[in-house]
K.L.:
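Would you mind keeping the following structure in view while I ask a few things?
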Amino acid sequence: MTQAKNKVVVFLGPPGAGKGTQAERLAAEQGLTKISTGDILRDHVKRGTELGQQVRPILDAGKLVPDDILIALIRDKLASMDDVRVIFDGFPRTLPQAEGLDMLLEELGAPVNAVPLLEVPDEVLIARIVERGRQAAARGEAVRSDDTDEVARHRQSVYREQTQPLIDYYAARGHLYRVDGVGGMDEVYSRITDGMK
Ligand code: ADP
């Protein structure tokens, strides 16, 4: 089977919905590069780069890093690729980011193909995030500084205010489809791939 040259998937859903895990698998099975802006930013913080020092307090507070910083990061990532086969996890998160991404993709001739929206009820989300923190601690791993009850709740409100408008943005372009994010990992994965056909 020949693969389409370019493919762009934008994964939408609230913090704690399981986007990272599902995006990882989709990337592996479909030969896509996963671009997780949260991972990229946390890596900068860990390495203590100039950008890392700048964004650290923002991440710790569960606020959003400025749009121009994100768009510049994504521009660099895309510029280093031959074929544009990507899955975005955690980007775009605001309307200006979505518009910025569309402009970059237009220059590359690789428009967005699919936007799965992973839906999970609010009360399940906070429980999952706090549990993720507890399990990491129990394994002796570093706990994400923003995986506490209070900051997790703030991240949910940021999602509702800043990121939810993207649902309409992508629905209007015909790319959005809704996926029930409650269930086993394989079950949810099948729903994501079924919706993509
Ligand atoms: P989650 O989806 O669980 O909140 P992420 O790893 O996607 O976790 O993001 C963690 C943090 O990184 C966010 O709370 C925010 O501070 C920053 N961040 C990640 N992606 C973006 C983005 N596209 N725009 C602005 N800030 C971002």
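The structure displayed is predicted, hence computed values, not measured ones. Each ligand, and each atom within it, is numbered from 1 in the order the structure gives.
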K.L.:
Who pairs with E99 by salt bridge (charged side-chain N to carboxylate O under 4.0 Å, His left out), at least two apart in sequence or on another chain?
P.N.:
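Here no residue qualifies.
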K.L.:
Can you check whether I129's main-chain N or O pairs, donor with acceptor, with R144's side chain at less than 3.5 Å?
P.N.:
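Side chain of R144 to backbone of I129: no pair is present.
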K.L.:
Can R153 and D122 be counted as an ion pair, charged N to O under 4.0 angstrom?
P.N.:
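Here R153 does not pair with D122 in a salt bridge, since their nearest N and O are not under 4.0 Å apart.
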K.L.:
Flag the pair D186 and R25 as a salt bridge only when some basic side-chain nitrogen lies within less than 4.0 angstrom of an acidic carboxylate oxygen.
P.N.:
yes
K.L.:
Check for me, please, whether Y170 and I74 land in the same ILVMFWY cluster - side-chain distances under 4.5 Å, paths through other members count.
P.N.:
yes
K.L.:
Do any nitrogen or oxygen atoms of ligand 1 lie under 3.5 Å from a protein nitrogen or oxygen, and which ones?
P.N.:
unit_1, atom_1, unit_2, atom_2, d
ligand 1, 2 (O), R93, NH2, 3.2
ligand 1, 3 (O), R155, NH2, 2.7
ligand 1, 4 (O), R93, NH2, 3.2
ligand 1, 4 (O), R155, NE, 3.1
ligand 1, 4 (O), R155, NH2, 3.2
ligand 1, 6 (O), R42, NH1, 2.9
ligand 1, 6 (O), R42, NH2, 3.0
ligand 1, 7 (O), R93, NH1, 3.2
ligand 1, 7 (O), R93, NH2, 3.2
ligand 1, 8 (O), R144, NH2, 3.1
ligand 1, 9 (O), R93, NH2, 3.3
ligand 1, 16 (O), K63, O, 2.5
ligand 1, 20 (N), T37, OG1, 2.7
ligand 1, 20 (N), G90, O, 3.3
ligand 1, 20 (N), R93, NH1, 3.1
ligand 1, 23 (N), G90, O, 2.9
ligand 1, 23 (N), Q97, OE1, 2.9
ligand 1, 24 (N), Q97, NE2, 2.9
ligand 1, 26 (N), V65, N, 3.1

K.L.:
Side chains of E50 and Q54 only: does a donor on one sit below 3.5 Å from an acceptor on the other?
P.N.:
no
